[in-house]
Amino acid sequence: MSVTNKRLKIAVSGKGGVGKTTLASLLCHLYAQDGQHVLAVDADPDANLGTALGFPPELLANLSPISKEAKLIRERTGAEPGSIGAMFSINPYVDDIPDTYVARHNGIKLLRMGSVTLGGSGCACPESTLLRSLLEHMVLERNETVIVDMEAGLEHFGRGTARGVDAFIVVVEPGKRSFETAHAVAKLAQDIGVSQVYAVINKVHPGQIENIQREMNFIPILGYLPYDAMAVQADLTGQSLFDLSQKFVDLAKEIKIQIEALLG
């Protein structure tokens with residue numbers, strides 16, 4: 001199967017404020033425009049992928065994160081949410097969740113994962129087990145394009161899930177702290193078996209690219225997005241940048257082309 005026909009699984013990560021949700025939303029729209037069945041997965045606790053995608057507020061208001069669906073967690077794992085040390089299923093049934101617990105708009109399905117605060121990263125609790133199983137199912141078994149908007153870490157990723165990701169993209173803004181975060185995330189991704197790790201540089205000002213390339217020589221760069229008032233405006237008004245800026249759409253298309261060329 002050629003990469004243009006393959007249902008790609010792409011994870012987008014980066015520290016808060018760098019623009020990873022912007023990139024994830026643009027890629028979702030571009031693949032939907034191609035006629036792909038797109039599942040947008042919001043795995044960032046600061047969930048705003050739906051807004052970036054342009055979903056109507058009334059749809060988002062009715063879309064609960066999976067981690068907050070207490071009845072679902074209890075039914076699928078056999079244990080009460082928040083319980084630690086209790087017996088529960090480590091392989092809960094999740095196949096129907098990406099078709100049921102979603103909102104649909106403009107050819108895109110949106111699922112909110114939510115977060116597990118109890119016990120921190122690696123929490124051995126029913127919520128964490130369900131989220132891990134769900135992400136693994138979406139990456140390894142779904143016959144649709146899956147774009148995951150993640151936080152900087154890889155809390156929900158196990159090695160099985162990692163092996164199923166076609167491309168792991170770290171979004172970076174010009175600055176030492178962002179470069180350091182990208183280095184740490186890229187190393188962690190590679191450590192758990194993600195072989196295709198790339199970067200996209202956002203909020204770039206003229207004259208910065210040469211220095212960025214020196215600092216980011218540890219990872220292939222797919223493309224650059226400029227600092228632009230239109231992106232700030234889209235964030236402030238809750239509008240989709242895909243609808244507001246043809247320039248960003250064209251730049252995202254170039255990034256998409258790079259992804260497909262590298263995976264071909």
Side-chain angles (χ1 to χ4, degrees), residues 8 10-31 33 40-54 147-154 165-189 194 196-262:
L8 293 178
I10 300 172
V12 184
S13 182
K15 72 181 186 69
V18 296
K20 64 181 179 57
T21 300
T22 295
L23 177 64
S25 67
L26 290 169
L27 290 175
C28 285
H29 279 296
L30 290 174
Y31 279 106
Q33 197 175 66
V41 181
D42 198 339
D44 190 334
D46 184 21
N48 52 24
L49 179 58
T51 302
L53 286 167
I147 310 290
V148 187
D149 180 18
M150 306 184 64
E151 56 183 330
L154 301 175
V165 172
D166 295 296
F168 190 94
I169 303 173
V170 187
V171 180
V172 183
E173 63 184 3
K176 284 287 187 182
R177 283 180 295 177
S178 190
F179 296 151
E180 290 168 359
T181 298
H183 198 284
V185 172
K187 183 179 185 306
L188 183 56
V194 182
Q196 307 294 335
V197 184
Y198 309 106
V200 167
I201 317 299
N202 191 30
K203 302 181 183 180
V204 176
H205 290 273
Q208 291 183 324
I209 289 181
E210 185 176 340
N211 183 58
I212 290 168
Q213 289 173 337
R214 284 197 301 269
E215 294 284 350
M216 294 290 295
N217 61 7
F218 58 89
I219 185 173
I221 298 174
L222 295 174
Y224 300 85
L225 299 174
Y227 181 86
D228 192 286
M230 187 63 73
V232 177
Q233 178 70 12
D235 189 36
L236 285 173
T237 59
Q239 294 176 277
S240 169
L241 191 58
F242 187 83
D243 296 326
L244 291 180
S245 175
Q246 187 60 45
K247 176 173 71 175
F248 273 87
V249 171
D250 291 341
L251 290 169
K253 284 180 180 178
E254 291 300 316
I255 291 169
K256 177 175 174 285
I257 289 169
Q258 286 296 314
I259 293 169
E260 293 169 355
L262 287 164

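Remark: S245 OG to L251 CG distance equals 8.0 Å, nearest 0.5 Å. Within the model, atoms CD1 of I259 and CD of Q196 stand 11.0 Å from one another, a figure rounded to the nearest 0.5 Å. Distance check, rounded to the nearest 0.5 Å: NE2 of H183 to CG of L188 gives 12.5 Å. Atom CD1 of I219 sits about 13.5 Å away from atom NZ of K187, to the nearest 0.5 Å. Atom-to-atom distance recorded for Q213:CD and E215:CD is 11.5 Å, nearest 0.5 angstrom. How far OH of Y31 is from CD of E260: 4.0 Å, rounded to the nearest 0.5 Å.
Taking 4.5 Å as the limit, every side-chain heavy atom of Y198 sits out of range of all side-chain heavy atoms of V200. Within the 4.5 Å cutoff, the side chain of Y224 has no heavy atoms near those of the Q208 side chain. Taking the side chain as every heavy atom from C-beta outward, L222 and L262 approach each other to under 4.5 Å. Under the 4.5 Å side-chain criterion, counting only non-hydrogen atoms from C-beta, L225 is in contact with I255. Under the 4.5 Å side-chain criterion, counting only non-hydrogen atoms from C-beta, L30 is in contact with Q33.
Of all the heavy atoms in R177 and K15, the pair that sits closest is C-CE, 4.5 Å. Shown here for V18 and V171, the closest heavy-atom pair between the two residues is CG2-O, 3.4 Å. What you find for L241 and A231 is that their closest heavy atoms are CD1-CA, 3.9 Å. A pairwise comparison of heavy atoms in C28 and A40 identifies SG-CB, 3.6 Å as the closest pair. Residue S13 comes nearest to F168 through the heavy atom pair CB-CZ, 3.6 Å, listed as atom of the first residue, atom of the second, then distance. Closest heavy-atom contact between N202 and P226: OD1-O, 4.1 Å.
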Exercise for review: Walk me through it: do E180 and K176 pass the test salt bridge (Lys or Arg N to Asp or Glu O under 4.0 Å)?
Suggested key: CA-CA 6 Å; E180 290 168 359; K176 284 287 187 182; over 6 Å; no
Report task. For L27 and I169, run side-chain contact (heavy atoms from CB on, under 4.5 Å): C-alpha distance rounded to whole Å, both residues' side-chain angles, the deciding distance at 0.1 Å, then the answer. Result -> CA-CA 12 Å; L27 290 175; I169 303 173; 4.3 Å; yes
Mind running side-chain contact (heavy atoms from CB on, under 4.5 Å) on K20 and M150 for me, showing each step along the way? CA-CA 8 Å; K20 64 181 179 57; M150 306 184 64; 5.9 Å; no
- [ ] Please step through side-chain contact (heavy atoms from CB on, under 4.5 Å) for the pair F242 and L53, ending with a clear verdict.
- [x] CA-CA 8 Å; F242 187 83; L53 286 167; over 6 Å; no
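Atom OH of Y227 has 12 or fewer heavy atoms from other residues, nucleotides or ligands within 6.0 Å. Counting heavy atoms of neighbouring residues, nucleotides and ligands inside a 6.0 Å radius, atom CD of E210 does not exceed 12 of them.
Using modelled atom types, one side-chain atom of D42 and one backbone atom of L49 make a donor-acceptor pair closer than 3.5 Å. A donor-acceptor distance shorter than 3.5 angstrom exists from the side chain of S25 to the backbone of T21, with no hydrogens or angles considered.
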